[in-house]
Amino acid sequence: MDFLLQNTLSGHKEKVFPADGQTLRFYCCGPTVYGPAHIGNFRTFTIQDLFRRTAEAIGIRTCHVRNLTDVDDKTIRESQKAGLSLKAFTDQWTRRFEDDCKSLNLLEPHHSPSAVSHIPQQIELIQRLVDKGLAYKGQDGSVYFRISAFPAYGKLSGLCREGLVCNADGRLHSEDEYGKEDYSDFALWKAWKDEDGPNRWESPWGPGRPGWHIECSAMSMHYLGESYDVHSGGVDLVFPHHENEIAQSEGATGKPFARHWFHPTHLRVEGQKMSKSLGNLYTLEDIRARGFSPEELRYVLISGHFRQPLNFTWDSLHAARSALQRLHKFRSKLSPATPVVGQPAGSSIPEFGVWEPVMASLADDLNAAQALGRLFTLIPQAESALVSDPSGRESILAGFDRVMYAFGFRLEAETAPEGQLDIPADILALAEARWQAKQSRDWAKADALRLDLSSRGWVVKDTKDGYSLSPVAV
RNA sequence: GGCACGGUAGCCAAGUGGUAAGGCCGGGCUCUGCAAAAGCCCUAUGCGUCGGUUCGAUUCCGACCCGUGCCUCCA
């Protein structure tokens, strides 16, 4: 099965393949670890995970690198506010990020390099650019990339320099322009300033720290080679971040950098842009606090096409819950065993059987919305097929698990046992009394007790040989 | 101002030159004391507006309206 994906560079769908015929090498721009990542960040990371899983599910081996930005203005400033060293500060948010990723069932990258731990590689790359005349030391002591010396600048974003409005949204600080030859030039090495405190590293151009863009060029080439297969990041990174990465990397090596680029679009929340002032920068913690699971969020995040803006609503999380429960039930019907979530065997050619159309949708530009539609169309068909021919169970199950691997759904039991622990004793007693009444067929009493429980905020549901209690949904 | 993207049912969201996947919600039914669960069925003569091409357009073209993103360190 071919894997097609629209390439930002060309604007066309192109085949995803490992140039070396072995391993698909790809790099994803990771988080800046200065606070909890929000669900918008996780849309990007989850789509990238879907990309990797899709590749693996159809038999492509991968090498996935995702960086951690642990030194920049924000990390320095916030660590100082928190009264922590930069390392202690970023370590704590890195752990949080990793925990969140695990909750969302994101496959761990093969390498997760941080900027601070790759300073020499960055200095070396800057030196190459200086040697080639593509970079210069500015009046403020910082080193800048000379865009006028790189004619291909703008090929990814399609922005021509003439069309750029200076500081279009007012985000730029005046000091950022100081010392540059040209407004468009960007910092490779930032000279140390008082407010940076102890956060400084020695370099041929004096003490300071790397600029933001250089870390991705240096680290991706360090782990994946000077030319590699795929590079991805949020759509806002197309310009300037990825444009700058291309300039730095291709300027230094003279070789094509990443061949294939893709950019998930931003998430919107309840029809609005996400922002601090609107209070809708939800984190995984917020999702849990409302009683939803990370897996339900994952479903929502991949349920729309990645290049389409996705509108997150609490309603969509409810929809995701129901949809996942249906998948879970179908899976349980096929086999009571917990699904295998490991990577499909790399050597064997994956068989998807009746689920082939689902996989074909994913492999066609990661069309997860269509894939899910096909999945839910096929499930009843598979069920009736099993009734007439139970011998197909094994292959239906194997294919289904492969497809679930691609989606990244664990389909584990949805209720966590810890949630059931703190039922008050009086509630339990009432429920028990109701059960006794029911056993003695005293329907009036049983119903009265149900009402009583309900007024105390508890719902009782009878099962085959017992009952379950759960708090009334808010 | 430049570049890009989008407007499909109550909500989310695919898709196609021949007449609209799927999910959620809602409604009906079946089944169990009831409830829940489960199963079955129903729910857009319509795809932003107006023109054009065509035997036929939601799909192609043009104009317009509305919304969104980016335009130098935001995923």
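Order of the sequence lines sets the chain letters (A, B, ...), proteins ahead of strands, with each chain counted from 1.
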Review point. With a non-hydrogen cut-off below 4.0 angstrom, is A:His318 in contact with a base, only sugar-phosphate, or nothing?
Key: nothing
Check your understanding: Under the 3.5 angstrom rule, does the side chain of A:Arg374 hit a backbone N or O of A:Pro357 as a donor-acceptor pair?
Key -> yes
Exercise for review: Scan nucleotides 4-19 of chain B nucleotide by nucleotide, 5' to 3', and note B when protein non-hydrogen atoms come under 4.0 Å of the base, S if they reach only the sugar-phosphate, - if neither.
Suggested key: --S-----SSSS----
Review point. In Å, rounded to the nearest 0.5 Å, how long is the span from CZ of A:Phe3 to CG of A:Asp364?
Key: 9.5 Å
Exercise for review: Please measure how far the P atom in B:rG10 lies from the corresponding atom in B:rA44, and state the result in whole Å.
Suggested key: 10 Å
Revision key, fill the gap. Atom NE2 of A:His266 and atom P of B:rG69 are separated, to the nearest Å, by 10 Å
Review point. Under 6.0 Å from the CD atom of A:Glu181, do we count more than 12 heavy atoms belonging to anything else shown?
Key: yes
Study note, to complete from the structure: Rounded to whole Å, the CD1-C1' distance (A:Ile246 to B:rU72) equals 15 Å
Review point. What nucleic acid atoms does A:Gly40 come within less than 4.0 Å of, heavy atoms only: base, sugar-phosphate, or nothing?
Key: base
Point to revise | Pairwise C1' distance for B:rG7 and B:rC12, with rounding to whole Å | key: 15 Å
**Study point:** Residues A:His64 and A:His110: side-chain donor-acceptor under 3.5 angstrom
**Key:** no
Point to revise | Rounded interatomic separation in angstrom, taking NZ from A:Lys155 and C1' from B:rC3 | key: 19 Å
Check your understanding: If we take the P atom in both B:rG33 and B:rU45, what is their distance in whole Å?
Key -> 41 Å
Revision key, fill the gap. Here the distance between atom P of B:rC71 and atom CD1 of A:Ile147, to the nearest Å, is 14 Å
**Study point:** Test item: side-chain donor near acceptor, A:Asp72 and A:Thr75, under 3.5 Å
**Key:** yes
Review point. What nucleic acid atoms does A:Arg268 come within less than 4.0 Å of, heavy atoms only: base, sugar-phosphate, or nothing?
Key: sugar-phosphate
Revision key, fill the gap. Contacts of A:Ala319 and A:Pro31 projected onto RNA chain B by closest heavy atom; the upstream (5') one is A:Ala319
Check your understanding: B:rG17 and B:rC47: how far apart are their C1' atoms, nearest whole angstrom?
Key -> 15 Å
Point to revise | Atom C1', compared across B:rC66 and B:rU8: separation rounded to whole Å | key: 16 Å
Check your understanding: Taking the side chain of A:Asp236 as its heavy atoms from C-beta onward, which of B:rA75, B:rC73, B:rG23 lies nearest to it?
Key -> B:rA75
Check your understanding: Looking at the rings of A:Tyr153 and A:Phe145, which for Trp means the six-membered one, are their centres under 6.0 Å apart?
Key -> no
Practice item. Determine the interatomic distance between P on B:rC25 and the same-named atom on B:rC31; round to the nearest Å. Key: 23 Å
Review point. Is there a side-chain polar atom (N or O) of A:Lys273 under 4.0 Å from OP1 or OP2 of B:rG69?
Key: yes
Check your understanding: Does NZ or CZ of A:Arg402 fall inside the cone over A:Trp355's six-membered ring, less than 6.0 Å from its centre and within 45° of the axis?
Key -> no
Review point. Does a donor on one side chain sit under 3.5 Å from an acceptor on the other, for A:Glu432 and A:Tyr467?
Key: yes
Check your understanding: Between B:rA75 atom C1' and A:Phe239 atom CZ, what is the distance in whole Å?
Key -> 17 Å
Exercise for review: Answer with yes or no whether the side chains of A:Asn280 and A:Glu270 bring together a donor and an acceptor at under 3.5 Å.
Suggested key: no
Exercise for review: Name the orientation class of the two ring planes belonging to A:Phe89 and A:Trp93 (parallel below 30°, tilted from 30 to 60°, perpendicular beyond 60°).
Suggested key: perpendicular
Revision key, fill the gap. Dot-bracket for RNA chain B, 5' to 3', Watson-Crick and G-U pairs with both distances under 3.5 Å, [ ] for crossing pairs, | for partner on another strand, reads (((((((..(((.....[...))).(((((.......))))).....(((((..]....))))))))))))....
Practice item. Write down the distance separating the P atoms in B:rU16 and B:rC61, rounded off to the nearest Å. Key: 14 Å
Point to revise | Aromatic ring proximity A:Phe51/A:Phe306, centre distance under 6.0 Å | key: no
Practice item. Give the rounded distance in Å between these two atoms: CZ of A:Phe45 and P of B:rC74. Key: 14 Å
Review point. Do the two ring centres, one from A:Tyr299 and one from A:Phe407, sit under 6.0 Å apart?
Key: no
Exercise for review: Measure the distance from CH2 on A:Trp189 to C1' on B:rC73 and round it to the nearest whole Å.
Suggested key: 16 Å
Review point. Crowded around A:Glu383 CD? As in, over 12 foreign heavy atoms under 6.0 Å?
Key: yes
Practice item. Considering only atom C1', compute the distance from B:rG62 to B:rG23 and round it to an integer number of Å. Key: 36 Å
Review point. To the nearest angstrom, how far is A:Leu324 atom CG from B:rC24 atom P?
Key: 11 Å
Review point. Do A:Lys74 side-chain and B:rC74 base share a donor-acceptor contact under 3.5 Å?
Key: no
Review point. What is the per-nucleotide protein-contact pattern of nucleotides 30-40 of chain B, from the 5' end, where B denotes a base atom under 4.0 Å from a protein heavy atom, S denotes such proximity for sugar-phosphate atoms only, and - denotes neither?
Key: ---BBBBSS--
